[in-house]
Asks: 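Got a structure here, written out as structure tokens. Questions coming.
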Amino acid sequence: MSPIPAARRFPWENVLTSTALIAVARAALVAAQDWYWARGLHALAVNSVARNVLSALPLAFAACALVALAPRFRRLHLLAMVAFAAFAYLYLTGRLPTDSRPGLRALDMPLAHAGAALLAIGCALLNAGLGPSARPAPVLSLASMALVLCAILVRAGGLRTSNAERELPNVVLISLDTVRADRLGGRGTSPNIDRFFGTASVQFRAAFAPQPFTLVSHASLMTGLDPYAHGVGASTALAPEIPTLAEDLGRAGYVTLGEVDWIEWLHPRYGFARGFQHYAQRQGTARTRMPALLDLLDDLGDERFFLFLHFYDAHSDRGALAYDSDPADRHALGASLDDALREDPGGGTGLLIAANQGEVVLTEPERAEIVRQYDAGVRTLDRALGPLLERLESFLDDTVVILVSDHGEELFEHEKWLHSQLYDESVHVPLLLRLPGRSGVRASDEVAGLIDVAPTVRELCGLAPRNDAVQGRSLVPRFDGANDARDAHVLLEWGGLGLRTREWKLIERTDGRQLFHLISDPAERVDLARSPHVAAELGRLSGVLQAEAARSRALRDTFDAPPLDPLPAEDREALRALGCAGGVD
């Protein structure tokens with residue numbers, strides 16, 4: 001290769017200008033994916049752009065410098081320019097790096113693509129010293145450098161959109177789909193969660209979901225209403241007059257953001273986006289979504305914010321395994337590293353559905369293997385959450401972190417898999433709170449429900465309690481054991497009605513009743529509904545249950561829930577394949 005005369009100086013001005021232009025343009029295209037500015041989240045938008053500008057500088061500079069060196073080697077000159085132009089285009093439009101943020105590669109704006117291509121070609125020519133001018137226009141150089149300087153100043157400062165009082169706490173509400181309460185705390189399935197909540201937290205060890213159904217439980221979580229009251233279902237959206245937690249916090253000046261999994265049951269059509277200034281459904285696992293979530297926390301800066309996060313990873317799916325997980329976690333918990341337990345056209349979940357329907361009889365070793373697969377899936381989710389929980393440690397001076405699940409999972413304790421019955425394995429969920437300025441762990445055995453979360457958050461954030469359209473109660477008085485209500489109960493509903501107290505579980509269906517004394521029979525194996533010595537207690541509990549159901553129905557009659565169009569056939573089939581047929585039909 002013939003070298004260019006040494007007198008040719010390295011084009012620093014060209015390289016620096018191109019670097020700044022690429023970094024700023026990429027940051028602008030990234031921002032276009034989130035639409036923060038259009039949603040009124042101006043500080044978040046500026047912080048996001050500034051972070052993306054600064055994070056893009058090293059790679060952009062390296063690429064620009066390499067193509068600027070290419071003229072010294074004539075045979076590589078053209079190849080380097082073409083390669084740089086291709087790289088710059090792919091980088092600007094989010095195709096590179098391959099682990100780019102969710103949604104970035106969905107860029108489909110023709111003008112954005114054309115602009116990215118022109119900028120890539122222009123920077124290639126500029127760095128190579130070709131084109132109409134071998135040097136950038138002074139105005140272009142100054143403008144690009146000024147933008148980089150602005151990005152540095154923005155990251156050093158503290159921009160803020162919210163007008164909530166600074167003394168109020170941020171709130172991070174994390175929902176882990178299908179995670180049983182008994183899988184957290186010392187089983188080896190949740191070391192990161194246990195570490196985060198194990199030194200300073202309030203833990204409600206008897207918390208319950210109102211239904212073993214993602215859609216309905218999350219509606220209760222966000223409204224503080226029982227399912228019979230809010231009426232949300234597969235064909236009914238949340239009534240507009242029912243206030244949501246996000247709406248209340250938004251009116252109080254909070255920035256409200258939701259980042260949830262790409263599943264039908266959290267679609268905005270059901271009303272979940274109400275009150276959120278930014279509500280996004282993201283594809284991918286917790287691990288693949290994590291970089292973007294960590295960036296979001298960085299961008300929030302000095303905001304007062306409510307952040308709702310939902311992860312679907314522990315749920316069964318259509319893959320070969322009943323519950324997907326990383327091989328390392330299966331190995332750690334003694335699960336098989338084989339791809340499938342048995343071949344089934346519906347995958348691992350299809351096998352569980354077939355077992356529920358009596359089409360397949362699983363052996364004892366196979367049942368034990370499925371339990372280990374579930375545990376490994378929870379452990380994989382926990383490992384993915386590790387960076388998030390670690391980052392939240394730096395927010396704890398002024399942030400409430402709450403972790404819940406929408407329902408548990410049946411592992412054949414009552415001859416069924418998945419989540420279709422009202423036994424505790426299906427409705428007992430974690431409810432953990434990490435509070436600012438609190439040390440030590442307070443564990444409460446008082447019965448609580450997901451409907452209690454919204455009133456609790458309202459009180460923690462200084463909002464007046466809602467007495468008109470809320471059935472849940474604030475748990476704040478229970479944080480230190482005050483007013484420990486032994487008569488507390490949770491209303492359950494799924495194919496019938498249920499009532500869960502600290503001592504009793506009553507299930508009433510059209511085909512009969514079941515009554516379990518949970519102190520002596522925590523596994524719910526001995527049905528006492530026909531026992532004469534508990535007849536009085538059965539009557540009392542049934543009266544409470546029917547009164548609560550009547551109260552919910554009366555409240556529901558005051559709302560006008562909008563009906564929804566039926567789900568398309570392909571969506572219905574996909575939900576059935578995940579074991580959700582009960583919520584569809």
Side-chain angles (χ1 to χ4, degrees), residues 173 175 179-186 193-194 197-198 200-212 217 220-221 223-227 245 400-408 422-435 438-460 465-467 470-493 497-507 515-524 537 540-541 543-545 547-548 551-552:
L173 175 57
S175 172
V179 171
R180 293 167 50 132
D182 64 3
R183 261 37 185 189
L184 306 185
I193 294 173
D194 297 345
F197 290 99
S201 64
V202 178
Q203 304 181 5
F204 287 88
R205 296 186 296 199
F208 297 91
Q211 262 195 23
S217 281
S220 291
L221 178 69
T223 62
L225 293 172
D226 282 320
L245 180 58
V400 175
V401 182
I402 304 173
L403 185 140
V404 300
S405 179
D406 58 341
H407 55 75
L422 290 181
Y423 302 112
D424 273 10
E425 57 265 23
S426 196
V427 295
H428 186 198
V429 296
L431 175 52
L432 312 175
L433 300 95
R434 185 83 182 261
L435 304 166
R438 188 179 185 94
S439 60
V441 175
R442 155 72 179 164
S444 172
D445 291 320
E446 181 178 343
V447 171
L450 292 185
I451 64 170
D452 299 326
V453 172
T456 301
V457 172
R458 288 188 180 103
E459 181 169 348
L460 289 171
R466 282 190 172 276
N467 299 316
V470 168
Q471 293 172 294
R473 62 202 169 114
S474 171
L475 298 174
V476 172
R478 280 78 181 172
F479 288 175
D480 295 305
N483 302 317
D484 194 25
R486 294 184 177 274
D487 61 344
H489 55 262
V490 171
L491 183 66
L492 308 172
E493 191 273 327
L497 288 173
L499 189 76
R500 178 56 156 91
T501 71
R502 181 182 297 184
E503 187 176 0
W504 297 96
K505 164 76 73 64
L506 171 63
I507 300 174
L515 180 67
F516 302 100
H517 184 246
L518 301 170
I519 305 302
S520 60
D521 178 30
E524 299 170 283
E537 188 65 31
R540 183 187 73 82
L541 292 170
V544 173
L545 186 153
E548 288 292 339
R551 177 187 171 208
S552 291

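Starting from 1, each residue takes its place in the sequence as its number. Remember, predicted model here, so these are calculated numbers, not experimental data.
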Asks: Between K505 and D424, is a side chain to side chain contact (heavy atoms under 4.5 Å, CB included) present by the stated rule, with each step listed?
Replies: CA-CA 9 Å; K505 164 76 73 64; D424 273 10; 2.9 Å; yes

Asks: Can you tell if the side chain of L221 reaches within under 4.5 Å of the side chain of V404, non-hydrogen atoms only?
Replies: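 Touching, per the 4.5 Å side-chain cut-off.
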
Asks: Can H489 and E548 be said to form a side-chain hydrogen bond (donor to acceptor under 3.5 Å, both in side chains), step by step?
Replies: CA-CA 10 Å; H489 55 262; E548 288 292 339; 3.1 Å; yes

Asks: Check whether any side-chain N or O of S217 sits under 3.5 Å from a backbone N or O of Q211 as a donor-acceptor pair, and report yes or no.
Replies: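 Indeed, once roles are kept as given, a pair shorter than 3.5 Å links the two residues.
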
Asks: Any chance you could measure I451, atom CD1, to R473, atom CZ, to the nearest 0.5 Å?
Replies: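 The distance works out to 8.5 Å.
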
Asks: Any chance you could measure L450, atom CG, to D406, atom CG, to the nearest 0.5 Å?
Replies: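 Spacing of CG (L450) from CG (D406) equals 8.0 Å.
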
Asks: Going by heavy atoms in the side chains, are L433 and L475 under 4.5 Å from each other?
Replies: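 When only atoms from C-beta onward are counted, L475 and L433 do not touch, as no gap falls below 4.5 Å.
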
Asks: Just by distance, no angles: are the side chains of S444 and E446 close enough, under 3.5 Å, to form a donor-acceptor pair?
Replies: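 S444 vs E446: no donor-acceptor pair found between side chains.
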
Asks: What is the distance from atom CG of L225 to atom CG of L491, rounded to the nearest 0.5 Å?
Replies: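 Between L225 CG and L491 CG, I get 12.0 Å after rounding to 0.5 Å.
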
Asks: Within the structure provided, determine whether L431 and I402 are in side-chain contact (heavy-atom separation under 4.5 Å).
Replies: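 A side-chain contact under 4.5 Å exists here.
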
Asks: So, E503 and R540, do they make that salt bridge, N to O below 4.0 Å?
Replies: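 Salt bridge: no.
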
Asks: Taking atom CZ of F208 and atom CG of L499, what is their separation to the nearest 0.5 Å?
Replies: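 Answer for the CZ-CG pair, F208 versus L499, is 11.0 Å.
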
Asks: Is any side-chain heavy atom of L184 less than 4.5 Å from a side-chain heavy atom of L432?
Replies: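 Side chain of L184 against side chain of L432, heavy atoms only: contact under 4.5 Å found.
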
Asks: For D445 and A206, which heavy atoms make the closest approach, and how far apart are they?
Replies: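 Where D445 meets A206 most closely, the heavy atoms are O-CB, 3.7 Å.
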
Asks: Quick one, H428 with D182, criterion side chain to side chain contact (heavy atoms under 4.5 Å, CB included). Give me CA distance, side-chain angles, the key distance, then yes/no.
Replies: CA-CA 8 Å; H428 186 198; D182 64 3; 5.7 Å; no

Asks: Write down the atom of T501, the atom of L518, and the distance for their closest heavy-atom approach.
Replies: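 That would be O-CD1, 3.8 Å.
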
Asks: Okay, side chain of D452, backbone of G472: is any donor-acceptor separation there less than 3.5 Å?
Replies: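 No.
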
Asks: Can you find a pair of side-chain heavy atoms, one from L460 and one from L435, that are under 4.5 Å apart?
Replies: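 When only atoms from C-beta onward are counted, L435 and L460 do touch, with a gap below 4.5 Å.
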
Asks: Under a 4.5 Å cut-off applied to non-hydrogen side-chain atoms, are L515 and W504 in contact?
Replies: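 Yes, close enough: below the 4.5 Å cut-off.
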
Asks: Going from CD1 on I507 to CG on L545, what distance comes out if it is rounded to the nearest 0.5 angstrom?
Replies: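 If we round to the nearest 0.5 Å, I507:CD1 and L545:CG are 10.5 Å apart.
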
Asks: Between R551 and D226, does at least one N-O distance fall below 4.0 Å, as a salt bridge requires?
Replies: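 Judged by the 4.0 Å cut-off on N to carboxylate O distance, R551 and D226 do not form a salt bridge.
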
Asks: Tell me whether the rings of F479 and F204 are parallel (<30°), tilted (30 to 60°) or perpendicular (>60°).
Replies: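 Rings of F479 and F204: tilted, as their planes differ by 30° to 60°.
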
Asks: Find the distance between CD (Q471) and OG1 (T223) and round it off to the nearest 0.5 Å.
Replies: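 One finds 8.5 Å between CD of Q471 and OG1 of T223.
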
Asks: Could you report the tightest heavy-atom contact between D194 and G185, atom names first, then the distance?
Replies: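 So the two residues come closest at OD1-N, 2.8 Å.
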
Asks: For R438, enumerate each residue passing the side chain to side chain donor-acceptor pair (under 3.5 Å) test, keeping only those at least two apart in sequence or located in another chain.
Replies: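 Listed in chain order: D480.
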
Asks: Quick one, P227 and S220 - any side-chain contact, counting heavy atoms below 4.5 Å?
Replies: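 Answer yes - side chains close enough.
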
Asks: For residues E425 and E524, determine if any side-chain heavy atom of one lies less than 4.5 Å from a side-chain heavy atom of the other.
Replies: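 A side-chain contact under 4.5 Å exists here.
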
Asks: What pair of heavy atoms forms the shortest contact from S426 to H407, and how long is it?
Replies: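 Taking S426 first and H407 second, the nearest heavy atoms are O-CB, 3.5 Å.
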
